[in-house]
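See below for the structure under consideration.
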Amino acid sequence: MLSYIARRLVQTVPVMLIVAVFVFLMLRIGPNDPASILAGDNANAEQVAAIRQNLGLDRPLLSQLFVWLGAILTGDFGESFFFKKQVSALILDRLEPTFMLALCTIVLAVVVAVPLGVIAAMRRGSLIDRLVMGFSVMGFSVPVFVIGYALIYVFAIKLNWLPVQGYSRLADGLPAFLRSIALPSMTLAIIYVALLARMTRTSVLEVLGEDYIRTAYSRGLTPLQVLVRHALPNAAVPIVTVIGLGVALLIGGVVVTESVFAIPGLGRLTVDAVLARDFPTIQAIILLFSFVYVMVNLVIDIAYTFFDPRIRY
Amino acid sequence: MSAEPAPSIAIAPKRKSAFLSEPAILIPSVVLGLLVLVALFAPFLGTIDPTQFDPTLRNKLPGHVGTVRALDGTETPFVYRMGTDNLGRDIYSRVIYGTRISLIVGALVALVSTILGLTIGLVAGYVRWLDGFVMRIMDGLMAIPPILLAIALVSLSRAGLVAVIIAIAVPDIPRVVRLVRAVVLSIREEPYVEAAITAGTPTPTLLVRHILPNCIAPLIVQATFVCASAILVESILSFLGVGLPPEEPSWGNIMAAGRQYFRIFPHNILFPGIFIAATVLCVNVLGDALRDRLDPKLRKRV
Amino acid sequence: MADVLAVDRLTVALPPGSDRDHAVEDVSLKVGAGEIVCVVGESGSGKSVTAFTVMGLLPREVKPVGGSILLEGEELLSATPRRMRELRGARMAMIFQEPMTALNPVKTIGDQIEETLTVHTNMSSAERRARALETVEAVHLPDPQRILNAYPHQLSGGQRQRAMIAGALVLDPALLIADEPTTALDVTTQAQILKLVAELRARRGTGVLFITHDFGVVAEIAHRVVVMQKGRVVEQGPADDVLNRPQHSYTQMLIGAVPSLTPPARAPLDASPVVLQTKNLCKTYASGGLFQKKHVTRAAQNVTIDVRRGETVGIVGESGSGKSTVARCVARLIDPTSGEIAIDGVDYAKASERVLRPQRKRMQIVFQDPYRSLNPRRTVARSLIEAPVNFGMGEQAALSRARDLLALVGLSPSALDRYPHQFSGGQRQRICIARALMVEPEVLIADEAVSALDVSVQAQVLKLLDDVRARFHLALLFITHDLRVAAQICDRIVVMQKGTVVEQGATAEIFAAPQHPYTKALFAAAPGKHIGSKVTA
């Protein structure tokens, strides 16, 4: 088991390395010169050259890459062009709201989507099934921010139940926190629910077509017993996989949702950094989000061994 | 609970009905066809210049009757069917012209990522020594959440249609590559492919003649989903202000312009929102119907 | 003898739009206590539908519309779903063809056997465990305690089928329905399972409804036989009568098509030159790496075979014996790890694809699955002319040759413009044989080429293969798991086990006096030794 985890961990190294090289090259081969951005519009050639030397941009590309990678491994992502402070500090500052938003969304989505998917599969072709599938297609089709504004319009402006925008830290009290996170989580959860409900339905349907389901019926089990004892344990692996893959979708959604709800998290930071062409911050955020995504899926891979005894390690 | 035991006995499949008689294919096709017409004939649909602004006409509600000043100074009365935005531009005209951007982005992204993904996937699936290397690169690209990657890519250059299309297409390529590679790997095990090998068929011919045709159906399905998500991502990029500039009206940047005064004037977001949701919905429904029809096995993959 | 099961004039309707109206029509049969009744028929005969109707496990679209089914005197067709559930597992139980997929992969064998007890009894968990253990012992599974805690993937195919049987018999049902339970198993494992079924039936007095397509199996275990064709019973009676004195022409044809285990006399070929030769052919697969133990699988080891012009050499063995590996190496669909493979003395074992390509026309292959061997998107003509055109023949010349060869394999030239799905399995296999002959090969490899076919079709295709072998003086390398088929078509046979050749020699000699213990065990396991006829003569 330990060697399995070690092996899987080692396998993530090349993936992250490729992400890092890509992020590094993106800035170097793009049409943007970091030195001129940093120097500002009024700088003269000498000033730009000085900054260039200062940043080490005059050295060969490969040595720049190694210096940069070395710095990252020690947690040094450089200084933000725009905020004029250490990127790592900047990110730490913005971590809580994003983490909380993502967590609430995942919990909400799983609690809603999995039962919906299972019911749809059990009652295949029924009205409930068609409603769930219809909702799922709708969820994939409406932009996140439109959903966000629609929810704000109904719950915050018309009904006045919840705040329109903003984020209240957990440290400032649970009720305020929950009120501030409710609409953003619901907004973000919709696309996740759409994805998860659909995949749950597909997985359960597929498992229900397996031979061992027929065996279970031949033993005299009721459909409910067949579902609980045989179908769900086997459908768990694909469902959990989709929860992991959905994190990519979630991260994309966070960027948009935080902008709609004016939440001071990493998503807002991303947009601000892109608008300001603040490349050290953009690089750090991409690396961080990719790392989280890869790690979540690693944990899920390891969790498979818990669901399925066939997976060898 | 009414789940039935698995059918274990082969039953002759019901005959498939004609392609277009299926509502799930017919209705979205008709709607999308109409949208293409709207995009083509935008200037003749009672629109005015979508970039023309008028400070006296800011934030008017739908149905507002005002005048439009032409270049020669003559003024004609004009009904602002969907109201105006914060700069006094006609939202109706912007939405109609915005159809062009969305459809172009959707179609081109689907085309570009499918063609590139198909080429890379075929090569990776068949040339063994390249497979490992190519797939590691693809794994790396897939590790970056797609919207984030698109945002980062557009930040590299001045926002323009080409940059936006490239930025949205790149994150989709590895997903197409994976699909094609999976099809290639399963088809190359088929006895008829092995028979072609023993028939001395050269590898390039083998790929085109026996393997490529099997990729077409799943690729068409995948391309519709790529198209749908591209339209959404374009609107997100424009909405966040990193996509197309306001001079090129897109459904996303119409909504971006409306963000500020959303509480008072929700129509800024409502109308383009309806258009985008309807368009993407049609593409998705079409994709689902095509998948059920062309490739039932594809259901497994999202 | 009291009847456990009495099926009377059962008719089951198929959904509208199917190729026929009824899956089974007017079927009547009886199973007494302690009696094994075999239902035999080719694919599409309705034998499985009959079994599933009794269990009440038909798919929703297929409905019984007439007749009656009495289980121990109780009518099943009008029983409530609740009553059917009470009966399933308790009074009637079923085992299936694929022991690989019929057990839930994420639950232990013990859990799955005990499940029946949980559903039908009030036993405590200790009582259930004890009962499960007892049953697992009764089906002669080794180390029962370990088996109960094992997952299905940790068991062999035969062990899984035993575990299935244990699960079916744990509550001592009156009726056991077995749907082709040994078809997916190797012949030695099949023999053990058949013995087990017979033993349990004798000991517990269970009535067995045994579905099979294999007359060897019927001859081995049946008390009575029911022969089905296209949804109807054409003949039934005591096993001895039906097997030895069949009345209906269909039964006569079916039994006549079963190849005999006694090889016919064949002219010696010693004077003929050796065409295909392998020397110390090895194929190994290595897995594992950095953090895992290296695991090496030796699929084929030091295989040395030669085939003369006009000779048929059979490679016989069970799954995992390496017989297909050898065939695929000879066809160079996989690259051998070491050793030589030569046609007319030219070694191509390590030849690069460029050097190999002109060699490929000298060896052609026919595969097992007729449904996957032809590209479904290409007409028969295009499939047939692909190879000759690759090797430089003009399209018109190739088409005319294709027409000739189609006639030779018994198909009309109009087949050229049609697509594979318009043909039956046997016809497709004929097309594949024609395709292989298009480039006038010297070596023809038949990799289980008749294994997927119904027995009547199998006999015809076997005869065709033997004819083309003689007509074109082909060296025929014939891979099969079926001793009957090997006996009828091969001049010499090579017996393989776990990647190595354990014995080879003239077919008649080996069948008369096998030397190696494995060969002896293999022959001993063949069911129904006395039945069968000469099909190629």
Side-chain angles (χ1 to χ4, degrees), chain A residues 1-14 122-126 203-240 301-313, chain C residues 51-52 54-57 59-60 81-108 111-120 149-154 163-164 167-168 170-171 173 176-177 179 287-293 295:
Chain A
M1 182 73 191
L2 274 178
S3 89
Y4 175 74
I5 295 175
R7 199 167 69 242
R8 292 293 289 109
L9 263 173
V10 169
Q11 280 168 3
T12 63
V13 172
M122 290 300 285
R123 305 220 176 249
R124 184 185 187 176
S126 71
S203 308
V204 172
L205 274 182
E206 201 162 291
V207 170
L208 285 177
E210 296 285 346
D211 284 356
Y212 51 78
I213 297 297
R214 192 181 53 191
T215 308
Y217 279 110
S218 82
R219 293 197 185 112
L221 270 68
T222 64
L224 187 64
Q225 284 170 322
V226 171
L227 177 77
V228 174
R229 287 161 175 265
H230 296 278
L232 289 185
N234 278 285
V237 166
I239 293 172
V240 172
D301 265 14
I302 293 169
Y304 285 164
T305 56
F306 177 76
F307 291 110
D308 192 336
R310 279 170 301 178
I311 293 168
R312 280 185 303 159
Y313 47 80
Chain C
F52 280 94
V54 174
M55 286 299 284
L57 290 177
R60 217 183 300 197
R82 188 196 167 89
R83 180 63 190 152
M84 284 303 283
R85 280 200 296 273
E86 284 168 6
L87 292 171
R88 281 198 288 262
R91 299 312 302 156
M92 57 180 175
M94 187 160 181
I95 57 174
F96 304 92
Q97 177 172 348
E98 288 287 343
M100 311 291 268
T101 53
L103 287 164
N104 188 336
V106 307
K107 300 215 152 210
T108 63
D111 282 350
Q112 299 189 54
I113 294 175
E114 285 178 44
E115 188 170 55
T116 311
L117 302 174
T118 318
V119 173
H120 294 286
N149 293 321
Y151 289 97
H153 72 278
Q154 295 165 326
M164 274 297 294
V170 69
L171 274 176
L176 174 69
I177 299 178
D179 184 21
S287 60
L290 203 52
F291 285 86
Q292 260 178 330
K293 254 192 218 154
H295 188 77

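The analysis underlying the following values was restricted to heavy atoms, covering all of them including side chains, and did not include hydrogens, waters or symmetry mates. Within every chain, numbering begins at 1; the chains are lettered A, B, ... in the order of the sequence lines, protein sequences first and strands thereafter. Remember, predicted model here, so these are calculated numbers, not experimental data.
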Q. Once you round to the nearest 0.5 Å, how far does CG of C:L57 lie from OG1 of A:T215?
A. 9.5 Å
**Q.** Separation between CG of C:N104 and CZ of A:R229, rounded to the nearest 0.5 Å
**A.** 11.0 Å
Q) Taking side chain as C-beta onward, heavy atoms only, is C:P105 less than 4.5 Å from A:E210? A) no
Q: Answer yes or no for A:R214 and C:F96: cation-pi contact, defined as NZ/CZ to six-membered ring centre under 6.0 Å and angle to ring axis within 45°.
A: yes
Q: Identify which part of C:M164 has an atom lying under 4.5 Å from any heavy atom of chain A, answering side chain, backbone, both or neither.
A: side chain
Q: Could you grab the distance from atom CG of A:L221 to atom OG1 of C:T116, nearest 0.5 Å is fine?
A: 7.5 Å
Q) Once you round to the nearest 0.5 Å, how far does CG of A:N234 lie from NZ of C:K107? A) 9.0 Å
Q: Would you mind checking which part of C:T118 comes under 4.5 Å of any heavy atom in chain A, side chain (CB onward), backbone (N, CA, C, O), both or neither?
A: side chain
Q) Considering residues at least two apart in sequence or located in another chain, which fulfil the salt bridge (Lys or Arg N to Asp or Glu O under 4.0 Å) criterion with A:R219? A) C:E115
Q: Please report the closest heavy-atom contact between C:V106 and A:P233, naming both atoms and the distance.
A: CG2-CB, 3.8 Å
Q | Gap between atom OH of A:Y212 and atom CG of C:L103 - 0.5 Å precision | A | 11.0 Å
Q) For chain A, which of C:M94, C:Q112, C:M84, C:E86 has the most heavy-atom pairs under 4.5 Å? A) C:Q112
Q.
Quick check on C:Q97 against chain A: is it the side chain, the backbone, both or neither that has a heavy atom closer than 4.5 Å?
A. neither
**Q.** Distance (rounded to the nearest 0.5 Å) between C:M55 CE and A:S218 OG
**A.** 4.5 Å
